[in-house]
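When reading the values below, keep in mind they use all heavy atoms of this one structure, side chains included, and skip hydrogens, waters and symmetry mates. In what follows, chains carry the letters A, B, and so on, assigned in the order in which the sequence lines appear, proteins first and then strands, with residues in each chain numbered from 1. Values in this document were obtained by computation on a predicted structure and should not be read as measured data.
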Amino acid sequence: MQPVRPEFVPDASLTREEMESLQDEIAEAAVFEDDLGFDPEDVTVGRDSGQRSLVEADPPVIAGVDQAFLEDDRAVSAAVALRAGEVIDEATAVAETEIPYIPGLLSFREGNAVLAALEALSVSPDLTVVDGSGRIHFRQAGLATHVGVTLDHPTVGVAKNLLCGTPREPIPDRLPEGARIPIEANGDVTAPDGTVIGYAYQSRQYERGSTSINPLYVSSGHRISAEAAVAVVERTCDGYKLPEPTRLADALADEAKSEFR
DNA sequence: GCGACAG
DNA sequence: ATCTTGTCGC
């Protein structure tokens, strides 16, 4: 995969104002509707892939990317590609983190590492799951959207915490497994109030006990609707809170850390 | 001025 | 994200 919109490649030397206006342009170019080359129903993971994958001749390739950081100012990004739950490709890359973490500007810190890892992949995924928000972002241009639009490639954002927006209804202490609650735009987001910019999705939950698992915050990155984004995430989860592509990329990024020092 | 904010 | 052992609860 190569950038299709070079002008959107993250440039950490820009001023904060320039970064924000670039995000406005990215959001303008983003497609928050389904423009996938596959049916989300054909996405499978190891567990229940049995029946379905047998009848599906050409399962979509889903990739996951995640970052880990070195002691200095370098980020290690790892990408893992799977087809029907089977790993078919992996790649890692290192990049300088030129700026600190700033809520709302994450892609200018980690974006290039992500792009480098995805470019190092020898296969071209049908969709990539990114760790972080997509449309759930002040200017509707989170890391997943930034990367997706730059590559003009379908992406989904999966975050462990809500950056902005408001749940349509208060999120219970213990959301049942499989539940989803719409996240709507509010005054903090550049979208009409009430616009559904993503979902709180409970990928896993304990049946009983005092502790509970928090939901995932799923949003469209590029070329996918919020509903389909949740459907894809649901089908890539395999008994754990995080989607399998993300878990594998996270593990690979950790391993790669020791090799890059 | 205060609060709030992915990784 | 990262520094980190045990520990409480699935």
Pairing donors with acceptors under 3.5 angstrom, does anything connect the side chains of A/Ser225 and A/Glu33?
no
Can you tell me if A/Arg235 uses its side chain to pair, donor with acceptor, with the backbone of A/Glu41 under 3.5 Å?
yes
Can you tell me the distance, in whole Å, between the CG atom of A/Leu242 and the P atom of B/dG7?
10 Å
Of all of residues 137-151 of chain A, which get a heavy atom below 4.0 angstrom from DNA chain B, listed by number?
A/His137, A/Phe138, A/Gly142, A/Leu143
Rounded interatomic separation in angstrom, taking CZ from A/Arg16 and C1' from B/dC5:
10 Å
For nucleotides 1-4 of chain C, list the nitrogen or oxygen atoms of the protein found under 3.5 Å from its nitrogen or oxygen atoms, one pair per line.
unit_1 : atom_1 : unit_2   : atom_2 : d
C/dA1  : OP2    : A/Lys160 : NZ     : 3.2

Does atom CD (A/Glu207) have a neighbourhood of more than 12 heavy atoms from anything else shown, all under 6.0 Å?
no
Shortest non-hydrogen contact from A/Ala113 to A/Ala75?
CB-CB, 4.3 Å
Taking only N and O in the side chain of A/Asn161, is any of them less than 4.0 Å away from OP1 or OP2 of B/dG7?
yes
Are any side-chain N or O atoms of A/Gln205 and backbone N or O atoms of A/Leu175, one a donor and one an acceptor, separated by less than 3.5 Å?
yes
Would you mind reading off the distance between A/Tyr217 atom OH and B/dA6 atom C1', rounded to a whole angstrom?
12 Å
I would like to know whether A/Asp131 and A/Thr246 meet side-chain hydrogen bond (donor to acceptor under 3.5 Å, both in side chains); could you show each step before the answer?
CA-CA 7 Å; A/Asp131 63 306; A/Thr246 301; over 6 Å; no
Fill in the dot-bracket string of DNA chain B, one character per base: . for unpaired, | for a pair to another strand, ( ) or [ ] for pairs within the strand, taking Watson-Crick or G-U pairs under 3.5 Å.
.......
Has A/Gln67 got a side-chain atom pairing as donor or acceptor with A/Glu110's backbone, closer than 3.5 angstrom?
no
Check residues 150-157 of chain A and write down every donor-acceptor pair under 3.5 Å in which the side-chain atom is one partner and the other belongs to a residue at least two apart or another chain.
unit_1   : atom_1 : unit_2   : atom_2 : d
A/Thr150 : OG1    : A/His146 : O      : 2.7
A/Asp152 : OD1    : A/His222 : NE2    : 3.1
A/His153 : NE2    : A/Thr128 : N      : 3.4
A/His153 : NE2    : A/Thr128 : OG1    : 2.7
A/Thr155 : OG1    : A/Ala144 : O      : 2.7
A/Thr155 : OG1    : A/His222 : N      : 3.2

For A/Ala12 against A/Glu98, the heavy-atom pair lying closest together
CB-CB, 3.6 Å
Please report the closest heavy-atom contact between A/Ile171 and A/Ala200, naming both atoms and the distance.
CD1-CB, 3.9 Å
For DNA chain C, stems built from three or more consecutive Watson-Crick or G-U wobble pairs below 3.5 Å
none
Measure from NZ or CZ of A/Arg247 to the centre of the six-membered ring of A/Tyr240, then state whether that distance is under 6.0 Å and the direction lies within 45° of the axis.
yes
Heavy-atom closest pair, residues A/Val196 and A/Arg168:
CG2-NH2, 3.5 Å
OG of A/Ser107 to CZ of A/Phe8: how many Å apart, nearest 0.5 Å?
12.0 Å
Any donor-acceptor N/O pair, A/Arg174 side chain to A/Thr211 backbone, under 3.5 Å:
yes
Distance check needed: B/dG7 C1' versus A/Ile99 CD1, whole Å only.
12 Å
Nearest atoms (heavy-atom pairs only) where A/Cys237 meets A/Val45
O-CG1, 3.9 Å
side-chain N/O A/Tyr101 vs B/dA6 OP1/OP2, d < 4.0 Å:
yes
I'd like a list of close polar pairs between nucleotides 7-10 of chain C and the protein, N/O only, cut-off under 3.5 Å.
unit_1 : atom_1 : unit_2   : atom_2 : d
C/dC10 : OP1    : A/Gly209 : N      : 3.4
C/dC10 : OP1    : A/Ser210 : N      : 2.9
C/dC10 : O5'    : A/Arg208 : O      : 3.0
C/dC10 : O5'    : A/Gly209 : N      : 3.4

For A/Leu216, answer base if it contacts any base atom (sugar-phosphate contacts may also be present), sugar-phosphate if it contacts only those atoms, and nothing otherwise; contact means non-hydrogen atoms under 4.0 Å.
nothing
Could you tell me whether a side-chain N or O of A/Gln23 sits under 3.5 Å from a main-chain N or O of A/Gly104, the two making a donor and an acceptor?
yes
